Number of protein chains: 2
Amino acid sequence: MPPARKKNPDQDTAARTALLDAAQELMLEEGYAAVSTRKLAAKAGTNSALVYYYFGNMDDLFIALFRRGAERSYERQATALGSRQPLWGLWDITHDLTSTALIQEFQALANHRKAIRAEIAKFSRKFRRMQLDGIKQALAEYGVDSEQWPAVSVLILMSGISRFLLVEEEFGVTIGHAETVALVERHIRNLEGERDKALRKALLSR
Amino acid sequence: MPPARKKNPDQDTAARTALLDAAQELMLEEGYAAVSTRKLAAKAGTNSALVYYYFGNMDDLFIALFRRGAERSYERQATALGSRQPLWGLWDITHDLTSTALIQEFQALANHRKAIRAEIAKFSRKFRRMQLDGIKQALAEYGVDSEQWPAVSVLILMSGISRFLLVEEEFGVTIGHAETVALVERHIRNLEGERDKALRKALLSR
DNA sequence: GTCTATAGCTGGATAGAC
DNA sequence: GTCTATCCAGCTATAGAC
């Protein structure tokens with residue numbers, strides 16, 4: 001027997017998982033504002049009252065969904081940074097459309113929901129620290145001057161560019177994207193050689 | 001007499017302007033989802049039915065608000081790029097919190113409103129082309145190798161970093177921000193010298 | 001655990017008085 | 001132009017049957 005949970009069933013029952021899956025799909029398809037108990041139930045093939053049974057309220061459902069995705073991202077990122085090509089790994093993962101779109105929705109949602117805001121902030125710092133450790137080590141091995149190119153800045157540069165490109169692509173704006181991707185990848189290639197395509201595929205399928 | 005408008009009063013009456021101002025404040029304070037006709041009326045000190053008189057529906061109100069802000073941004077950016085320090089101008093304007101927060105809200109809103117999505121995409125391309133012209137000219141004057149640093153990539157780099165930093169700051173995450181700002185500004189300084197603070201102030205007060 | 005039913009509220013939108 | 005009144009849809013959340 002696991003230690004007794006505080007209040008509501010936190011186990012991974014089929015219905016609970018179906019609700020979380022449905023919430024994720026809805027957020028991606030129609031935005032967070034479209035996530036209602038009725039639509040969740042319809043998509044998950046269950047009942048709307050189950051949302052309250054499993055999560056208590058909508059805020060806590062969003063937080064549970066965020067955590068589920070965040071933990072998955074964390075492990076993925078950690079694997080990428082621990083691989084033979086940490087920079088390629090970071091770049092390829094950050095450039096993944098689905099997770100970026102979800103993060104965007106959560107950020108918008110957090111603008112007017114304090115509990116969710118706090119959750120995202122907490123996780124962001126944890127995530128950043130982990131990434132930083134990985135990148136620092138890699139750049140040191142490559143002999144990159146940390147005065148001129150601090151690891152944390154390389155991290156922010158790559159993340160920022162990646163996110164910006166993805167947001168624009170969602171709007172069908174792609175002016176200059178190819179040149180910029182080429183620019184970033186040229187720099188990565190200089191440091192850790194050609195991208196190992198098998199490695200990339202293994203990462204993104206996780 | 002101006003040429004007759006098609007359908008609804010497009011003039012800048014006090015009530016119309018008050019509604020747009022209220023919508024902007026609400027979006028910044030509570031997110032786009034909080035913008036309702038009733039709240040608008042309350043904040044603007046008018047009546048909720050006026051939204052339909054002036055704008056037809058909520059979508060068209062959002063579009064009118066977007067255009068108002070977009071035109072203002074366009075002129076501001078054009079002025080900055082035409083100044084003696086186009087790079088500093090671009091950097092300082094892109095790093096303005098209020099307009100970035102608004103853009104984020106509109107992007108989230110556009111995720112499930114087709115009309116708004118189209119409006120943003122159209123404007124983004126126009127905006128990008130204008131910025132590109134300015135940056136291209138500046139970089140050419142500074143003798144920057146356009147093979148190694150395409151103007152459009154410089155633009156995307158600066159915009160992406162800036163937006164990323166601002167989003168994180170909204171969440172209270174600032175790890176590595178100072179180093180990264182310093183890095184960008186060092187590069188700008190190498191190209192066009194110290195930032196002219198009077199110029200910056202003039203730009204941001206517009 | 002899962003369901004129905006429903007209370008209570010807030011929203012967009014319109015008709016029509018002034 | 002600006003207002004009141006109102007319709008109807010959709011939402012969160014809860015009570016209680018099974």
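So you know, we letter chains A, B, ... as the sequences are listed, proteins then strands, and number each from 1. This one's a predicted model, so the numbers in the text were calculated from it and none came from an experiment.
Residue Asn47(B) places none of its side-chain N or O atoms closer than 4.0 Å to OP1 or OP2 of dG1(D). Dashed line: the shortest gap from a side-chain N or O of Tyr54(A) to OP1 or OP2 of dT2(C) is under 4.0 Å. Applying the 4.0 Å criterion to OP1 and OP2 of dA13(C), one finds that Asn57(B) has every side-chain N and O outside that range. Between Tyr53(A) and dC3(C) there is no side-chain polar atom (N or O) within less than 4.0 angstrom of OP1 or OP2. Not one side-chain nitrogen or oxygen of Tyr52(A) sits closer than 4.0 Å to the OP1 or OP2 atom of dT14(D).
You'll find the side chain of Ile188(B) reaches within 4.5 Å of the side chain of Glu192(B), heavy atoms only.
Across residues 19-42 of chain B, Val35(B), Ser36(B), Thr37(B), Arg38(B), Lys39(B) each have a non-hydrogen atom less than 4.0 Å from an atom of DNA chain C (numbered order).
Put simply, CE on Met58(A) is 16 Å from P on dG10(D), counting in whole angstrom units. Put simply, CG on Leu61(A) is 10 Å from P on dT12(D), counting in whole angstrom units. For the pair Leu50(B) CG and dC3(D) C1', the computed distance is 8 Å after rounding to whole Å. The separation between Phe55(A) atom CZ and dA13(D) atom C1' is 16 Å, rounded to whole Å.
Open room surrounds CD on Gln137(B); 12 or fewer heavy atoms of other groups in view lie less than 6.0 Å from it. Sparse packing is recorded around NZ of Lys136(A), with 12 or fewer heavy atoms of other residues, nucleotides or ligands lying under 6.0 Å away.
Between Phe106(A) and Phe66(A), the ring-plane angle classifies as perpendicular under the 30° and 60° cut-offs.
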Mind running salt bridge (charged side-chain N to carboxylate O under 4.0 Å, His left out) on Glu168(A) and Arg128(B) for me, showing each step along the way? CA-CA 11 Å; Glu168(A) 283 207 339; Arg128(B) 171 64 46 85; 2.4 Å; yes
Quick one: do Tyr32(B) and His112(B) satisfy ring pair (Phe, Tyr, Trp, His ring centres under 6.0 Å)? Show the steps, please. CA-CA 12 Å; Tyr32(B) 73 84; His112(B) 53 287; 5.8 Å; yes
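For Ala15(B), taking side-chain heavy atoms from C-beta onward, the closest of the listed nucleotides dT12(D), dT2(D), dT2(C) is dT2(D).
Applying the ring pair (Phe, Tyr, Trp, His ring centres under 6.0 Å) criterion to Phe171(B), with sequence neighbours excluded, gives no partner residue.
Among the heavy atoms of the strands, none lies under 4.0 Å from Ser48(A).
Under the 4.0 Å criterion applied to side-chain N and carboxylate O atoms, Asp92(A) and Arg76(A) are not assigned as salt-bridge partners. A salt bridge between Arg113(B) and Glu30(A) is absent, with no side-chain N of the basic residue lying under 4.0 Å from a carboxylate O of the acidic one.
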N/O to N/O distances under 3.5 Å, protein versus nucleotides 16-18 of chain D:
none

